[in-house]
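Any value given below was found using the heavy atoms of this structure, including those in side chains, with hydrogens, waters and symmetry copies removed. Residue numbers run from 1 in the order of the sequence given.
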Amino acid sequence: MSAETIEKKPAEALLSKRRKKLISDPLIDDNPITIQVLGICSALAVTTQMKPTLVMAIAVIFVVVMSNLLISLLRNTIPSRVRIIVQLAVVATLVTLVNEVLKAFAYDMYKELSVFVGLIITNCIVMGRLEAFALGNKPYDSILDGFGSALGYSWIILTVAFFRELLGSGAVFGVPVYEYISSIFGPDFKLATNGLMVSPVGAFMVLGLIIWIQRTKTGYVEH
């Protein structure tokens, strides 16, 4: 009786084609803001300036990646009937950690963003990735999925903030760009800022233009 030969499948590459798609798809084709229409509130509320928007983006990346990792590690031990409670507890713990770090090391930013950082707990992007992916996939894949979704969210809010701060305040990261341009062309040349850009209406306009440009290029149509 001959012994059966068991073929061992080669391990999947750390950045295989499938895993690369976990990161790349949320950037454009399945973006959480422009395609899934999630996380809109914070995209409109914190994007008047680049600095707080960058801090918010880093906070969301940290919370989504770490919560995906933790829920994936615990996925086989979480009873189905209490999974939402467990997810909220994990996310709330991570958000509290971010809040305390800001409070300790960047108090001015903490005062400016404390309300919005707290709302990460109920951000549909975070809970959506936990429910749709982390509960059914391995930790490494869950990290990549969380990172891709958070990165897709981040580049959208940073783009909105760039145009809102530039057009509304004439600056980028607090650097007076308009004043610098005016100094090059002389005192008679002045660029006027648009006060509409620092209002929520300005955020809607910029975000709407981004969605329009993106869907025009990708051909995406709502069904």
Side-chain angles (χ1 to χ4, degrees), residues 23 26-27 31-34 38-71 87-130 134 142-180 193-204 206-207 210:
I23 299 175
L27 298 180
N31 189 274
I33 293 180
T34 59
L38 303 174
I40 293 291
C41 295
S42 57
L44 302 177
V46 303
T47 53
T48 53
Q49 294 182 328
M50 287 289 288
K51 190 174 179 180
T53 304
L54 179 61
V55 173
M56 184 70 176
I58 293 171
V60 170
I61 290 172
F62 172 77
V63 171
V64 177
V65 169
M66 292 305 298
S67 60
N68 261 26
L69 171 61
L70 293 172
I71 292 299
Q87 291 170 21
L88 283 172
V90 169
V91 175
T93 301
L94 292 169
V95 169
T96 301
L97 178 61
V98 170
N99 225 25
E100 292 303 309
V101 169
L102 286 177
K103 191 175 181 179
F105 298 103
Y107 188 70
D108 290 339
M109 195 58 61
Y110 162 78
K111 289 193 295 183
E112 188 171 351
L113 284 176
S114 60
V115 174
F116 303 109
V117 170
L119 288 175
I120 295 175
I121 297 171
T122 57
N123 193 314
C124 297
I125 297 171
V126 184
M127 297 301 295
R129 296 330 299 160
L130 296 180
S142 296
I143 290 174
L144 296 180
D145 175 79
F147 181 69
S149 295
L151 206 60
Y153 165 87
S154 298
W155 86 258
I156 292 292
I157 65 171
L158 285 168
T159 303
V160 173
F162 173 81
F163 287 107
R164 289 185 72 190
E165 185 176 5
L166 178 64
L167 300 176
S169 304
V172 175
F173 279 108
V175 178
V177 177
Y178 277 19
E179 288 183 16
Y180 177 73
T193 57
N194 188 337
L196 188 66
M197 286 294 109
V198 297
S199 71
V201 176
F204 271 112
V206 175
L207 186 57
I210 292 173

Heavy atoms only: give me the nearest [X]-[Y] pair and the separation to one decimal.
X      : Y      : result
Pro32  : Pro26  : CD-O, 3.5 Å
Thr47  : Ala203 : OG1-CB, 4.4 Å
Val46  : Pro52  : O-CG, 4.3 Å
Val198 : Ser169 : CG1-OG, 4.0 Å
Met50  : Leu158 : SD-O, 3.4 Å
Ala134 : Ser142 : CA-OG, 3.6 Å

Test log, rule side-chain contact (heavy atoms from CB on, under 4.5 Å), inputs Asn68 and Val126: CA-CA 8 Å; Asn68 261 26; Val126 184; over 6 Å; no
Hey, could you give me the [atom1]/[atom2] distance between [X] and [Y], rounded to the nearest 0.5 Å?
X      : Y      : atom1 : atom2 : answer
Ile156 : Thr34  : CD1   : OG1   : 5.0 Å
Met56  : Ile61  : CE    : CD1   : 11.5 Å
Met127 : Ile120 : CE    : CD1   : 13.5 Å
Glu165 : Thr53  : CD    : OG1   : 8.0 Å
Ile121 : Leu88  : CD1   : CG    : 8.0 Å

Once side-chain contact (heavy atoms from CB on, under 4.5 Å) is applied, do any residues pair with [X], and if so which ones, sequence neighbours excluded?
X      : value
Ile40  : Ile33, Val37, Leu44, Leu207
Ile143 : Val65, Leu69
Val98  : Ala59, Phe62, Val63, Leu102, Val117

Listed partners of Arg164 passing salt bridge (charged side-chain N to carboxylate O under 4.0 Å, His left out), at least two apart: none
Any pair counted as side-chain hydrogen bond (donor to acceptor under 3.5 Å, both in side chains), so long as it reaches residues 87-107, sequence neighbours left out: Gln87-Glu131
Test item: Ser199 side-chain N/O and Leu196 main-chain N/O as donor-acceptor pair under 3.5 Å: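 Checking the backbone N and O of Leu196 against the side chain of Ser199, a donor-acceptor pair under 3.5 Å is found.
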Worked verdict on Phe173 versus Leu54 for side-chain contact (heavy atoms from CB on, under 4.5 Å): CA-CA 10 Å; Phe173 279 108; Leu54 179 61; 4.1 Å; yes
ring-ring contact (aromatic ring centres under 6.0 Å, His included) contacts touching residues 150-171 (sequence neighbours left out): none
